[in-house]
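Keep in mind the model is a prediction, meaning the values are calculated, not measured. Computed from heavy atoms alone, side chains included, the values below leave out hydrogens, waters and symmetry copies.
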Number of protein chains: 2
Amino acid sequence: MSAAAHLDEIDRILLRELQRDGRASYTALAEATGLSAPAVRQRVQRLRDEGVVQIVGVTDPMALGLPVMALIGVRTDADVHAVADRIGELSGVIYVVLTSGSFDLFVEVVCEKPAELLKILNDHVKRVPGVTRAEAFTYFGIHTHRFAWPGT
Amino acid sequence: MSAAAHLDEIDRILLRELQRDGRASYTALAEATGLSAPAVRQRVQRLRDEGVVQIVGVTDPMALGLPVMALIGVRTDADVHAVADRIGELSGVIYVVLTSGSFDLFVEVVCEKPAELLKILNDHVKRVPGVTRAEAFTYFGIHTHRFAWPGT
DNA sequence: GGTGAAAGCTAATAGGG
DNA sequence: CCCTATTAGCTTTCACC
């Protein structure tokens with residue numbers, strides 16, 4: 001799912017095109033790469049199977065009626081993976097990363113109302129065993145969200 | 001792009017299906033909703049045009065040779081939008097959010113080597129006019145990344 | 001891994017309720 | 001807004017390299 005991969009130039013072209021349009025046809029991808037449609041299909045399938053790329057609909061939380069978003073910085077003195085497992089299962093949690101620095105993990109949360117965020121923070125995140133601190137950074141908005149990365 | 005939307009039950013079904021598989025055929029989406037294929041196609045196009053959903057290839061940074069990831073918390077005494085504009089243009093920056101709390105914005109960065117992160121942090125982020133503090137939280141890894149959200 | 005051609009589906013448009 | 005019908009184009013398989 002996240003092992004080092006051996007991507008050649010054609011894989012990178014495919015990834016770049018898919019980052020721009022996840023529904024690009026195999027025919028269009030074939031044109032972009034110079035390969036045949038069956039060949040690109042096989043490659044795209046391999047890239048998806050290997051977890052190199054996920055082709056998904058990324059939704060706008062506002063439009064979905066989830067205007068309250070926050071990053072929550074979490075500190076723990078217990079096993080960080082175990083804590084991440086527990087937090088990752090909470091409703092509203094969409095992203096959990098393990099970090100170094102003054103927080104051990106960051107959690108991204110989306111919800112309908114401020115009261116829900118408070119509940120997630122106080123009744124759920126802070127009550128996970130081993131959590132010693134949880135600080136919420138409420139979003140005023142997403143400024144930049146880029147899918148086309150350097151190296152592609 | 002992020003205005004409140006009027007999504008009905010069918011839109012939510014479409015979004016849920018696309019969150020699971022961004023390349024789901026209109027035929028499959030038609031089955032899931034009970035509508036005809038042209039009708040779902042029109043809706044999906046509308047949802048994409050309105051920015052409710054972006055169908056994109058989300059790549060694994062590790063696989064792409066970008067194993068160094070970090071969240072950078074930034075504090076500024078200048079206009080936060082202007083600072084976010086500047087930071088959002090930096091190479092390696094894939095996500096910028098405006099927040100409340102002890103940081104004014106968070107920046108997600110991906111790069112090839114630790115030295116690059118240091119450079120982004122010291123030579124670029126910290127040198128943006130108005131930035132008074134920038135603290136990097138280096139990732140040990142992404143634990144959870146969910147696209148299927150509550151409410152869909 | 002890749003190709004080319006054939007078969008079956010799907011996407012996209014048009015016309016109408 | 002949705003449906004049916006149509007056609008062009010796409011996806012997918014297969015035999016082969």
| Rounded to whole angstroms, how far apart are CG on A:Asp49 and P on C:dG1? | 14 Å
| request: Identify which nucleotide among D:dC2, D:dT12, C:dG2 has an atom closest to any side-chain atom of A:Leu35, counting heavy atoms from C-beta outward. | output: C:dG2
| said: Looking at A:Thr76 and A:Val80, would you say the former's side chain and the latter's main chain have a donor-acceptor pair under 3.5 Å? | reply: no
| task | Residues of residues 8-26 of chain B with any non-hydrogen atom less than 4.0 angstrom from an atom of DNA chain C: list those, numerically ordered, please. | result | B:Ser25, B:Tyr26
| message | Using OP1 and OP2 only, check whether a side-chain N or O of A:Thr27 sits under 4.0 Å from D:dT11. | response | yes
| note | Rounded to whole Å, CZ of A:Arg41 lies from P of D:dT12 at a distance of 4 Å
| salt bridge (Lys or Arg N to Asp or Glu O under 4.0 Å) between A:Glu50 and A:Arg48, intermediate numbers included | CA-CA 5 Å; A:Glu50 287 175 347; A:Arg48 294 180 80 177; over 6 Å; no
| request: Could you check whether the rings of B:Phe137 and A:Phe106 sit parallel, tilted or perpendicular, using 30° and 60° as the cut-offs? | output: perpendicular
| note | Of the candidates C:dT13, D:dC2, D:dT12, the side chain of B:Arg43 sits closest to D:dC2
| query | In whole Å, what is the span from the CD atom of A:Gln42 to the P atom of C:dG2? | reply | 7 Å
| request: Say whether B:Leu64 and A:Val53 are linked into one hydrophobic cluster, either directly or through other cluster members, by side-chain heavy-atom distances under 4.5 angstrom. | output: yes
| query | Regarding B:His6 and B:Asp11, is there a side-chain donor-to-acceptor distance under 3.5 Å anywhere? | reply | no
| field | Cluster overlap A:Tyr139 with A:Leu66, hydrophobic side-chain contacts below 4.5 Å | value | yes
| note | Out of D:dC3, C:dT3, C:dT13, minimum distance to the side chain of B:Ser36 belongs to D:dC3
| Among D:dT11, C:dA11, C:dT3, the nucleotide that comes nearest once only the side chain of A:Pro38 is considered | C:dT3
| query | Whole Å only: how far is the CG atom of A:Leu29 from the C1' atom of D:dC10? | reply | 12 Å
| message | If I take atom CZ in residue A:Arg46 and atom P in nucleotide C:dG2, what distance separates them, rounded to the nearest angstrom? | response | 8 Å
